[in-house]
Novice: 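My structure is below; once you've seen it, I'll send some questions.
The chain is numbered in sequence order, starting from 1.
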Amino acid sequence: MYKQLRFLVYILFTILIVSCGKGDKKTTTYFGGKIINPKSDKIILYANEIAIDTFLLNENNKFFAELKNIKEGLYYFIHGNENQYIYLEPKDSLLIRLNTWDFDESLVFAGKGADRNNILIDCFLETEKDDKLFYQYNKLNPKAFQSKIDSIKKIKYTTLQQYLENHPNETEGFEKILNVALTYPLYARIEKYPLVYSKKTEVNIFPELEKSFYNHRKKIEFNDSSLFYYPPYSYFIRNYLYNKTYSLGHPPLIKEYTSKFTVDLLNTINSEISSETSRNAFLKQTVISHFYNKSSSDINGDTFDRYFELTTNETDKKEIQNLINDTKAIGINDKFPNFKITDYTNKEHDIKDVIKNKNVLLLFWNPNNVSEWYIKSRIEYLANKFQNIDFIQIKIHGELEKSIKNLDIKNQYYLNSNSEAFKYLSSKMPRSILVNKDGIVANGYASISSYNLNSYLKNLNSYKN
């Protein structure tokens, strides 16, 4: 079946190339393909988190594009709620075929540049399969765990060497990326092992490790800014930073990060990451993710103070300050304020009327920060578990008139740009607010992704006025 798919893609690719006219092949890279069961009408191509082009699907769910003067390297494309990385070189002619019902597993490539991308997707899928193996391996003692790592590492190195032998003219740039795709997920697992072991074995202490356990660190480029957005690399760096911070004497995490741990992690990031752009990105991601993990409106002043001292990104500072201001604007035990919201029949409502005599979770969401797919999945799960709570979604940014598909439309609203609610949503980051039947705030800044939200929902679910 795989060969048949690749053959069909190749035939389609040939037809497209012939039809593309007399483009300048010296400076043009071709990228196209077919999407089966599309989730939207477009493909968006990114380089380093920056959208560089958008390609619309035609009536046959195909797209084809000419990219002028691109640089060799990693890119990724987004379709619907899914994304995948690709490696492009000037004058490549890369065509994809995928079925959104089985996105990554169905993705195949054809044309010039296909071999590179097919092996990269194979690496990605192998890493996912390894997750099941390491669920058991993380319970092993350090010596046994290291033995498993060494065995898998030999297989990865063999794969790398075989590919290079079969592609003697491969570029140094791709050889580097393939090495990262094959080996860095293993290095990330090594960095995470002490913490996972302490949880799996329920001993709540870190295992004693030989110095050689971290020998892989000698091979790592810790400040390669060109790779910071590539998941195998960024995941390793993240695990390394956390592991280094735990080694300062912090006990294994129970439910949430202490203020002291977060401050130490920020300091670790500052000392280990030399690239200013990458350092600022890690600092921001850390302070936001730890705040959302708490899933409460309590502000750890030391954490944010240290963040403001370390980051050099003025835009990020303003965004984080807005987050703090939003948190303080509505707190626990406050009377929830009234403002207008609009339903998907374009009718305005006072929010006080919508939530009257109800226990509610109000999710204010922004498509730039959270996907529709995740909201749908999470809300359906929570609504089934806490049936005495109404879960209401209010869109605050993006294409406001576009609702979340296959989620109860009666519980979906949006805010007009002049809404009074933006006094509490100036950062435009996702925010969940829990309000009881009396209209009193039970939690002023929760997160639907946090485990710590459950206790608040449990209490709200049982609340009776």
Novice: Can you check salt bridge (Lys or Arg N to Asp or Glu O under 4.0 Å) on Arg279 and Glu276, steps first, answer last?
Specialist: CA-CA 5 Å; Arg279 182 172 63 249; Glu276 182 178 18; 5.1 Å; no
Novice: According to ring pair (Phe, Tyr, Trp, His ring centres under 6.0 Å), who are the partners of Tyr187, at least two apart in sequence or on a separate chain?
Specialist: Tyr184, His216
Novice: Which heavy atom in Pro38 sits nearest to a heavy atom in His79, and how many Å separate them?
Specialist: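 Nearest heavy atoms, Pro38 then His79: CA-NE2, 3.4 Å.
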Novice: So, do Tyr163 and Phe174 have ring centers that fall under 6.0 Å from each other?
Specialist: yes
Novice: I'd like to know whether OH of Tyr374 has more than 12 heavy-atom contacts from other residues, nucleotides or ligands below 6.0 angstrom.
Specialist: yes
Novice: Nearest 0.5 angstrom please: Leu266 CG to Leu310 CG, how far?
Specialist: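 Atom-to-atom, Leu266:CG and Leu310:CG are 6.5 Å apart.
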Novice: Going through the checks in order, is the side chain to side chain contact (heavy atoms under 4.5 Å, CB included) test met by Tyr85 and Leu120?
Specialist: CA-CA 8 Å; Tyr85 275 79; Leu120 284 184; over 6 Å; no
Novice: Fit a plane to each ring of Phe31 and Phe77, take the angle between them on a 0 to 90° scale, and name the class: parallel (under 30°), tilted (30 to 60°) or perpendicular (over 60°).
Specialist: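 Answer is tilted, since the angle falls between 30° and 60°.
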Novice: Please name all residues satisfying salt bridge (charged side-chain N to carboxylate O under 4.0 Å, His left out) with Lys385, sequence neighbours left out, ordered by chain then number.
Specialist: none
Novice: Glu82 vs Lys39, test: salt bridge (Lys or Arg N to Asp or Glu O under 4.0 Å). Steps then yes/no.
Specialist: CA-CA 9 Å; Glu82 302 272 10; Lys39 298 297 185 183; over 6 Å; no
Novice: Looking at side-chain heavy atoms only, is the closest gap between Leu178 and Leu160 below 4.5 Å?
Specialist: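 Contact flag for Leu178/Leu160 side chains = yes.
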Novice: Check side-chain hydrogen bond (donor to acceptor under 3.5 Å, both in side chains) between Asn239 and all other residues, then give those that pass, not counting sequence neighbours.
Specialist: none
Novice: Under 3.5 Å, is there a donor-acceptor pair linking the side chains of Gln412 and Asp408?
Specialist: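 No.
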Novice: Answer yes if the ring centres of Phe261 and Tyr246 are under 6.0 angstrom apart, and no otherwise.
Specialist: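 When the ring centroids of Phe261 and Tyr246 are compared, they turn out to be within the sub-6.0 Å range.
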Novice: If you look at every heavy atom in Asn99 and Ser106, which pair is closest and at what distance?
Specialist: N-OG, 2.7 Å
Novice: Are Ile351 and Ile394 close enough that some pair of their side-chain heavy atoms sits under 4.5 Å apart?
Specialist: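 In short, these two side chains touch, coming nearer than 4.5 Å.
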Novice: Parallel, tilted or perpendicular: which describes the rings of Phe64 and Tyr30, with under 30° parallel and over 60° perpendicular?
Specialist: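 Plane angle under 30°, so parallel.
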Novice: I'd like to check the ring pair (Phe, Tyr, Trp, His ring centres under 6.0 Å) partners of Tyr229; sequence neighbours left out, ordered by chain and number.
Specialist: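 Tyr229: no ring pair (Phe, Tyr, Trp, His ring centres under 6.0 Å) contacts found.
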Novice: More than 12 foreign heavy atoms under 6.0 Å from CD of Glu399: is that the case here?
Specialist: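 Not buried by this count: 12 neighbours or fewer within 6.0 Å.
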Novice: Enter the distance from Ile288:CD1 to Ile320:CD1 here, rounded to the nearest 0.5 Å.
Specialist: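 Going from CD1 on Ile288 over to CD1 on Ile320, the span is 3.5 Å.
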Novice: Any donor-acceptor pair under 3.5 Å linking the side-chain atoms of Lys68 with those of Thr28?
Specialist: yes
Novice: To the nearest 0.5 Å, what is the distance between CD1 (Ile52) and CG (Leu67)?
Specialist: 6.0 Å
Novice: What residues form a side-chain hydrogen bond (donor to acceptor under 3.5 Å, both in side chains) with Glu128, not counting sequence neighbours?
Specialist: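 side-chain hydrogen bond (donor to acceptor under 3.5 Å, both in side chains) list for Glu128, sorted by chain: empty.
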Novice: We want to know whether Ser447 and Asn293 form a side-chain donor-acceptor pair, criterion being a heavy-atom distance below 3.5 angstrom.
Specialist: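 The criterion, which ignores hydrogens and geometry beyond distance, is not satisfied for Asn293 and Ser447.
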Novice: Show which side-chain atoms of residues 417-424 pair as donor or acceptor with protein atoms under 3.5 Å away, not counting sequence neighbours.
Specialist:
| residue | atom | partner | partner atom | Å |
| --- | --- | --- | --- | --- |
| Ser419 | OG | Ala421 | N | 3.1 |
| Glu420 | OE1 | Lys423 | NZ | 2.7 |

Novice: Going through the distances and angles, do Ile177 and Arg116 end up as a side chain to side chain contact (heavy atoms under 4.5 Å, CB included)?
Specialist: CA-CA 10 Å; Ile177 293 298; Arg116 297 187 203 99; over 6 Å; no
Novice: Are more than 12 heavy atoms, taken from residues, nucleotides or ligands other than Lys148, located less than 6.0 Å from that residue's NZ atom?
Specialist: no
Novice: Quick one: pull up OH in Tyr193 and CD1 in Ile149 and give me the separation to the nearest 0.5 Å.
Specialist: 10.0 Å
Novice: If you look only at pairs with a residue in residues 363-384, which of them pass as a salt bridge (charged side-chain N to carboxylate O under 4.0 Å, His left out), with sequence neighbours excluded?
Specialist: Lys376-Glu380
Novice: Give a yes or no on whether a salt bridge exists between Asp131 and Arg189, defined as a side-chain N under 4.0 angstrom from a carboxylate O.
Specialist: yes
Novice: Show your working on salt bridge (Lys or Arg N to Asp or Glu O under 4.0 Å) between Asp264 and Lys244 and close with a plain yes or no.
Specialist: CA-CA 10 Å; Asp264 281 348; Lys244 287 281 287 186; over 6 Å; no
Novice: Classify the side-chain pair Asn280/Thr311 by whether it contains a donor and acceptor separated by less than 3.5 Å.
Specialist: yes
Novice: Please name all residues satisfying side-chain hydrogen bond (donor to acceptor under 3.5 Å, both in side chains) with Asp53, sequence neighbours left out, ordered by chain then number.
Specialist: none
Novice: So which heavy atom on Leu457 is nearest to which on Leu361, and how close?
Specialist: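 Shortest heavy-atom contact: CD2-CD1, 3.8 Å.
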Novice: According to side-chain hydrogen bond (donor to acceptor under 3.5 Å, both in side chains), who are the partners of Glu49, at least two apart in sequence or on a separate chain?
Specialist: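 Once residues adjacent in sequence are excluded, the partners of Glu49 under the side-chain hydrogen bond (donor to acceptor under 3.5 Å, both in side chains) criterion are Tyr76.
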Novice: List the atom pairs, donor and acceptor, that lie under 3.5 Å between side-chain atoms in residues 218-228 and the rest of the protein, sequence neighbours left out.
Specialist:
| residue | atom | partner | partner atom | Å |
| --- | --- | --- | --- | --- |
| Lys219 | NZ | Tyr157 | OH | 3.4 |
| Asn223 | OD1 | Ser274 | N | 2.5 |
| Asn223 | OD1 | Ser274 | OG | 3.1 |
| Asn223 | ND2 | Glu272 | O | 3.3 |
| Asp224 | OD1 | Ser226 | N | 3.1 |
| Asp224 | OD1 | Ser226 | OG | 2.5 |
| Asp224 | OD2 | Lys176 | NZ | 2.4 |

Novice: With sequence neighbours excluded, tell me which residues meet ring pair (Phe, Tyr, Trp, His ring centres under 6.0 Å) with His290.
Specialist: Tyr242, Tyr257
Novice: Measure the CD1-CD1 distance between Ile96 and Ile43 for me, rounded to the nearest 0.5 Å.
Specialist: 5.0 Å
Novice: Calculate, to the nearest 0.5 Å, the distance between atoms CG and CG belonging to Leu362 and Asp390 respectively.
Specialist: 9.5 Å
Novice: Cut-off 3.5 Å, side chains only: do Glu72 and Tyr87 have a donor facing an acceptor?
Specialist: yes
Novice: Within a strict 4.5 Å, meaning less than it, do heavy atoms of the Lys112 and Glu89 side chains meet?
Specialist: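 Counting from C-beta outward, Lys112 and Glu89 never come under 4.5 Å.
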Novice: Just by distance, with hydrogens left out, do Tyr214 and Asn243 show a side-chain donor and acceptor under 3.5 Å apart?
Specialist: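 Yes, because at least one side-chain N or O of Tyr214 sits under 3.5 Å from a partner of the opposite role on Asn243.
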Novice: Are Phe134 and Tyr137, when compared by the centres of their aromatic rings, separated by less than 6.0 Å?
Specialist: yes
Novice: Show the nearest heavy-atom pair for residues Leu400 and Tyr344, with the distance to one decimal.
Specialist: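 Nearest pair, atom of Leu400 first, then Tyr344: O-OH, 2.9 Å.
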Novice: Quick check: do Thr262 and Leu265 have side-chain heavy atoms less than 4.5 Å from each other?
Specialist: no
Novice: May I have the step-by-step check of side chain to side chain contact (heavy atoms under 4.5 Å, CB included) for Leu453 and Leu434, ending in yes or no?
Specialist: CA-CA 10 Å; Leu453 175 65; Leu434 279 59; 4.2 Å; yes
Novice: Using distance alone, with no hydrogens and no angle criterion, decide if Thr245 and Thr268 have a side-chain donor and acceptor under 3.5 Å apart.
Specialist: yes
Novice: Not counting sequence neighbours, which residues clear salt bridge (charged side-chain N to carboxylate O under 4.0 Å, His left out) with Asp343? List them please.
Specialist: none
